[in-house]
Amino acid sequence: MSITDPIRLGIAGLGRGFMLTLPSLRVDPHVAVTACAAPREASRSAFLAEFGGNAHATIEDLAADPEVEAVYIATPHQMHRDHATILAKGGKHLLIDKPLAVSMADADAIVEACDAAGVHLITGPSHSFDQPVLAAREMIASGRFGKVRMIHGLNYTDFLYRPRRPEELDTAQGGGVIFSQAVHQVDVIRLLMGARATHVAAMTGAWDATRPTEGAYSALIGFEGGAFASITYSGYAHYDSDVLQDGIGELGTAKDPAAYGKARKALATVSSPEEEAGLKSTRTYGASEAPPLAPHAEHFGPVIVSCDRADLRLTPKGVEIWGDTEKDFIPAPPEPSPRAPVLEGLYHAIRSGQPPAQSGGWGRASLEICHAILESAETGAFVGLKSQTQHQSKEEPVA
């Protein structure tokens with residue numbers, strides 16, 4: 001499809017989140033990056049050198065920029081409410097990197113601000129936009145395999161030992177694996193399940209006093225109709241579940257076996273929180289290179305969907321179909337823009353009024369499940385989900 005009127009996109013925050021989406025922003029025809037807001041002068045200078053346009057020091061100036069139609073909010077989680085509210089009042093459509101917010105009150109405020117301003121709100125990028133996930137969802141929606149009965153998701157990474165700012169190790173500020181990582185798995189299973197979640201039972205692990213936040217969890221999530229899903233995650237930098245994904249990492253590139261233990265080794269050289277925060281700053285725009293364009297789709301660990309007549313295993317290369325009597329494989333390669341589905345979703349929302357499933361209400365519902373994981377782990381009880389919804393507005397289709 002020829003795109004003659006790409007979305008004029010501003011960027012709020014030029015940190016690690018932006019860096020992971022940068023390869024797509026550079027090549028995707030659905031958007032034209034025209035402005036940014038970032039506190040670091042070095043990042044703003046690098047932005048102007050690559051993209052031109054306008055580089056602002058404040059969110060308020062970005063909200064007032066007439067050249068910007070939509071803004072990708074890639075700032076820290078705890079800042080999302082303030083930034084989204086300012087930008088929505090400025091008439092900007094929003095793409096907010098997961099999670100939508102940290103607290104449910106902040107999520108509500110974001111959705112309400114966008115509704116009041118009449119702007120579109122999309123929660124992403126998240127791994128529910130990965131090409132194999134979308135391919136599996138299409139297969140499920142066709143009815144070929146019957147109903148989804150059970151989903152299992154598993155991921156073991158080094159997440160907790162990558163360089164962190166102090167607030168990233170504080171659960172109350174959105175730190176740890178629940179708000180940054182569980183939300184990915186929740187988004188994936190909700191999209192594949194195609195039903196509303198009803199209750200959650202979970203346990204979490206915080207096993208390293210020097211990283212005082214949740215580093216692991218397991219959760220069982222019930223859905224309307226009796227289907228259920230289990231999700232398990234560990235960010236403690238021991239086992240690497242990418243070995244179950246053909247040795248392909250989360251961003252779609254082959255893992256280097258010699259890099260095992262790299263995160264913990266690098267952290268061992270750090271002597272203070274300030275030094276660790278400085279180490280993280282070396283991964284921001286203007287200080288490091290963005291990941292390369294990947295030959296395979298992004299993923300978030302092994303996922304198996306059990307339907308009436310087949311099990312579907314999602315891989316970075318596509319979807320394995322384990323049927324009653326035969327096996328098959330459906331490739332699902334990435335487009336030249338690895339994160340094309342989320343940028344295409346933003347484009348169609350603004351140009352055609354057709355947002356993807358992962359809009360404001362979707363992001364809020366996934367956040368509610370994250371909070372339920374924490375509550376269930378603390379109380380030891382099943383937690384009912386009070387206000388689950390699949391969509392943001394009356395116009396938006398249910399996934």
Name of the residue among Leu312, Asp308, Asp311 meeting side chain to side chain contact (heavy atoms under 4.5 Å, CB included) with Phe145
Leu312
Test side chain to side chain contact (heavy atoms under 4.5 Å, CB included) on Asp256 and Lys262; report intermediate values, then the result.
CA-CA 11 Å; Asp256 178 5; Lys262 180 179 179 181; over 6 Å; no
Between Glu275 and Lys280 (salt bridge meaning N to carboxylate O under 4.0 Å), is one present in this structure?
no
Reference residue Glu276; test salt bridge (Lys or Arg N to Asp or Glu O under 4.0 Å); the match among Arg165, Arg162, Arg211:
Arg211
Taking the six-membered ring of Tyr285 as reference, does the NZ or CZ atom of Arg44 fall below 6.0 Å from its centre and within a 45° cone about the axis?
no
Using the ring centroid of each side chain, check whether His371 and Phe179 are separated by less than 6.0 Å.
yes
Side-chain ion pair, Asp108 and Arg364, N-O less than 4.0 Å
yes
Can you check side chain to side chain contact (heavy atoms under 4.5 Å, CB included) on His299 and Leu314, steps first, answer last?
CA-CA 9 Å; His299 71 87; Leu314 281 59; over 6 Å; no
Go through the steps to decide whether Leu343 and Ser24 satisfy the test side chain to side chain contact (heavy atoms under 4.5 Å, CB included), and finish with yes or no.
CA-CA 9 Å; Leu343 299 176; Ser24 294; 4.1 Å; yes
Would you give the length of the straight line joining atom CG of Leu385 to atom CD1 of Ile221, rounded to the nearest 0.5 angstrom?
8.0 Å
Honestly, is Arg196 close enough over Phe223, meaning NZ or CZ under 6.0 Å from the six-membered ring centre and within 45° of the axis?
no
Interatomic spacing from CD1 in Ile110 to CG in Leu121 - rounded to 0.5 Å
7.5 Å
For the aromatic rings, using the six-membered ring if either is Trp, is the centroid distance between Phe382 and His199 under 6.0 Å?
yes
Check Arg309 with Asp324, please: is the shortest side-chain N to carboxylate O separation under 4.0 Å?
no
CD of Glu60: more than 12 outside heavy atoms within 6.0 angstrom?
yes
I would like to know whether His127 and Gln185 meet side chain to side chain donor-acceptor pair (under 3.5 Å); could you show each step before the answer?
CA-CA 8 Å; His127 282 289; Gln185 284 184 314; over 6 Å; no
Short N-O contact, Arg26 and Glu50, less than 4.0 angstrom:
yes
Pairwise distance CD1(Ile73) to NE2(His80) - rounded to 0.5 angstrom
6.5 Å
Flag the pair Arg351 and Asp5 as a salt bridge only when some basic side-chain nitrogen lies within less than 4.0 angstrom of an acidic carboxylate oxygen.
yes
Cluster companions of Leu154 among Ile, Leu, Val, Met, Phe, Trp, Tyr (side-chain spacing under 4.5 Å)
Tyr156, Tyr239, Val243, Leu244
Is it true that the NZ or CZ of Arg313 lies under 6.0 Å from the centre of Trp322's six-membered ring and within 45 degrees of the ring axis?
no
